[in-house]
J.: 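Let me give you the structure first, and then I'll get to my questions.
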Amino acid sequence: MESTAAAAKLAARVCEEVGLEKNGFVDGNFSVDEACADRYLRARQQDATKAQKMLLETVMWRRNYFPLNHETLEKETNGKTYVALGDDDQVVVVMRNRLENTRDHDGNVMHLVYQMERAVAATKQTDLESWNLVIDFEGYSISNAPPFKTSKATLAVMQNHYPERLRKAYLVKAPLLFRIAFRAISPFIDPKTREKLVFCETAPSVFDACFNAPFDAEKYFAQDPLLAVGIKK
């Protein structure tokens, strides 16, 4: 197929430019293969030049950003964001602002990256390459709402380095305070991402098991698939 050929060519060009073997791994959780290249092509409407630039930027970002700091992650990981599997084996990323515990911009962004990596690893257990995001706004307030700087950085990381990974984002019971903040961040949201946003009063029932389960940080880290591939230090 034409799209497969384009993805193969893009992957080969990027691997050659950054010094990787064919379908080479940048790190233990990211390889520049056809599936990866295809996501970047879709994110850039099949424009190979733009997709190549985007993918090269991700490779450089990963080489500079990883490994993540384990101490920071242990401090940040308290259940405010976590990854789980829904009843139909769909990967779900759950966010709860009311559990914000640090207000540390760099720590929050690193924590978000860690959870995105957990989500990528989780998709490898399924036949799907994307995940659902469920944001629970219960208890959302001015004291736990992320600063605009952090919201913008979070959005940039998700859009620039995890393209075509988001299936749907369910914003559950988003209050007026968030909707006001959303208007400020909205211009930075890619049109394709905006189409995936769903404002709703309840999360889809298929996510009930992971959405309502108690969070155990110690158990969550013990089950971390990334420890084996050198993502953290």
Side-chain angles (χ1 to χ4, degrees), residues 7 9-73 76-77 81 83 91 93 95 102 104-124 129-131 133 146-166 169 185 187-193 196 224-233:
K9 289 180 180 179
L10 174 58
R13 286 198 302 269
V14 171
C15 283
E16 181 178 5
E17 185 163 343
V18 300
L20 295 174
E21 295 182 1
K22 183 180 179 181
N23 298 332
F25 277 86
V26 177
D27 53 58
N29 208 36
F30 188 92
S31 61
V32 181
D33 55 18
E34 287 186 26
C36 170
D38 183 63
R39 287 192 296 274
Y40 281 76
L41 281 166
R42 281 183 277 138
R44 289 296 177 260
Q45 292 73 50
Q46 303 301 318
D47 186 316
T49 300
K50 291 181 179 179
Q52 181 171 341
K53 179 178 183 293
M54 185 186 192
L55 181 49
L56 284 169
E57 288 174 349
T58 292
V59 172
M60 294 301 105
W61 172 74
R62 294 187 74 90
R63 285 179 168 177
N64 291 323
Y65 199 78
F66 292 91
L68 306 181
N69 184 275
H70 197 177
E71 183 178 347
T72 297
L73 296 178
E76 294 283 346
T77 304
T81 303
V83 178
V91 178
V93 180
M95 291 185 175
T102 69
D104 174 3
H105 170 78
D106 291 336
N108 271 296
V109 174
M110 181 177 290
H111 179 246
L112 181 279
V113 170
Y114 171 62
Q115 301 301 343
M116 294 296 96
E117 293 298 308
R118 290 283 300 247
V120 169
T123 63
K124 296 175 183 178
E129 65 175 4
S130 60
W131 54 71
L133 173 63
F148 180 77
K149 175 184 176 182
T150 303
S151 295
K152 187 177 177 182
T154 295
L155 181 63
V157 165
M158 294 179 70
Q159 292 186 156
N160 296 337
H161 302 308
Y162 299 91
E164 297 301 306
R165 288 292 196 177
L166 178 66
I185 198 70
F188 300 97
I189 302 177
D190 181 271
K192 291 188 70 174
T193 301
K196 300 174 183 180
D224 185 356
L226 304 180
L227 288 170
V229 295
I231 292 298
K232 300 190 299 179
K233 63 179 179 180

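What you see is a predicted model; the values in this text were computed from it and never measured.
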J.: Going by heavy atoms in the side chains, are T154 and P146 under 4.5 Å from each other?
T.: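 No - every pair of side-chain heavy atoms lies 4.5 Å or more apart.
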J.: To check you understand the geometry: which heavy-atom pair defines the closest contact between V26 and R63, and what is its length?
T.: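 Reported closest heavy-atom pair: CG1-CG, 4.1 Å.
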J.: Do you know the tightest heavy-atom contact between A48 and L10?
T.: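 Closest approach of A48 to L10: O-CD1, 4.2 Å.
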J.: When the ring planes of Y65 and W61 are compared, do they come out parallel, tilted or perpendicular, using 30° and 60° as the limits?
T.: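 Y65 vs W61 ring planes: parallel.
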J.: Measuring only between side-chain heavy atoms, which start at C-beta, is F66 closer than 4.5 Å to V113?
T.: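 Yes. Closest side-chain heavy atoms under 4.5 Å.
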J.: Return the minimal non-hydrogen interatomic distance between V83 and A122, and the atom names on each side.
T.: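 Heavy-atom minimum between the residues: CG1-CB, 4.2 Å.
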J.: Hey, what do you get for NZ (K22) to OG (S31), rounding to the nearest 0.5 Å?
T.: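 Reported value, rounded in 0.5 Å steps: 12.5 Å.
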J.: Name the one of L112, T81, T102, N69 that satisfies side-chain contact (heavy atoms from CB on, under 4.5 Å) with E76?
T.: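 The single option meeting the side-chain contact (heavy atoms from CB on, under 4.5 Å) with E76 is T102.
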J.: Is it true that a side-chain atom of Q159 and a backbone atom of D190 form a donor plus acceptor pair closer than 3.5 Å?
T.: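 Indeed, once roles are kept as given, a pair shorter than 3.5 Å links the two residues.
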J.: Less than 4.5 Å apart, side chain to side chain, heavy atoms only: is that true for V93 and M116?
T.: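 Yes, at least one pair of side-chain atoms sits under 4.5 Å.
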J.: Using side chain to side chain contact (heavy atoms under 4.5 Å, CB included), reason through E17 and Q52 one step at a time and then give a plain yes or no.
T.: CA-CA 10 Å; E17 185 163 343; Q52 181 171 341; 3.3 Å; yes
J.: Are T72 and H111 close enough that some pair of their side-chain heavy atoms sits under 4.5 Å apart?
T.: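 With C-beta onward as the side chain, the pair stays apart.
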J.: I'd like to know if the side chain of D38 reaches the main chain of E34, judged simply by a donor and an acceptor atom lying under 3.5 Å from each other, with no hydrogens or angles considered.
T.: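 Looks like no, no N/O pair under 3.5 Å.
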J.: Report the C-alpha distance between M60 and L55 in whole Å, list the side-chain angles of each, state the deciding distance to 0.1 Å, and finish with yes or no for side chain to side chain contact (heavy atoms under 4.5 Å, CB included).
T.: CA-CA 9 Å; M60 294 301 105; L55 181 49; over 6 Å; no
J.: Take a 6.0 Å sphere around CD of E21 and say whether it holds more than 12 heavy atoms from other residues, nucleotides or ligands.
T.: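 Open.
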J.: Would you call E129 and R42 a salt bridge, using N to O less than 4.0 angstrom?
T.: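 Yes, this pair counts.
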J.: Is there side-chain contact between M54 and P163, with heavy atoms separated by less than 4.5 Å?
T.: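 Yes, at least one pair of side-chain atoms sits under 4.5 Å.
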J.: For a side chain to side chain contact (heavy atoms under 4.5 Å, CB included) check, start with the C-alpha distance between R165 and T123, then their side-chain angles and the critical distance, and finish with the verdict.
T.: CA-CA 10 Å; R165 288 292 196 177; T123 63; 3.7 Å; yes
J.: Does the side chain of Y40 come under 3.5 Å of the side chain of E57 through a donor N or O and an acceptor N or O?
T.: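 No donor-acceptor contact under 3.5 Å links the two side chains.
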J.: Are T58 and L56 close enough that some pair of their side-chain heavy atoms sits under 4.5 Å apart?
T.: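 The answer is no, as the side chains (C-beta and beyond) never meet within the 4.5 Å cut-off.
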J.: Give, for atom CG of L68 and atom OH of Y114, the distance between the pair rounded to the nearest 0.5 Å.
T.: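 It comes to 9.0 Å.
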J.: Below 4.5 Å, heavy atoms only, C-beta onward: do Q115 and T77 meet side chain to side chain?
T.: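 Yes, side chains in contact.
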J.: Could you check whether atom NZ of K53 has more than 12 heavy atoms from other residues, nucleotides or ligands sitting under 6.0 Å from it?
T.: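 No - once you tally the heavy atoms of other residues, nucleotides and ligands closer than 6.0 Å, there are 12 at most.
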J.: Apply side chain to side chain contact (heavy atoms under 4.5 Å, CB included) to the pair M110 and D104, showing each step before the final yes or no.
T.: CA-CA 10 Å; M110 181 177 290; D104 174 3; over 6 Å; no
J.: Rounded to the nearest 0.5 Å, what's the gap from CG on D224 to CG on L73? Could you check?
T.: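 D224 CG to L73 CG: 9.0 Å, rounded to 0.5 Å.
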J.: Is there side-chain contact between V32 and V59, with at least one heavy-atom pair below 4.5 Å?
T.: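 Counting from C-beta outward, V32 and V59 do come under 4.5 Å.
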J.: For the residue pair E117 / N29, report whether a side-chain donor-acceptor contact shorter than 3.5 Å exists.
T.: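 There is such a pair (donor and acceptor under 3.5 Å, judged by atom type) between the side chains of N29 and E117.
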J.: I need the minimum non-hydrogen distance between G28 and K124, along with the two atoms involved.
T.: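 Nearest heavy atoms, G28 then K124: O-NZ, 4.4 Å.
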J.: So, E164 and S130: side-chain donor and acceptor under 3.5 Å apart, yes or no?
T.: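 Distance-only check fails for E164 and S130.
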J.: Hey, does the side chain of K196 reach the backbone of L166 with a donor-acceptor pair shorter than 3.5 angstrom?
T.: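 Side chain of K196 to backbone of L166, a donor-acceptor pair under 3.5 Å: yes, one is there.
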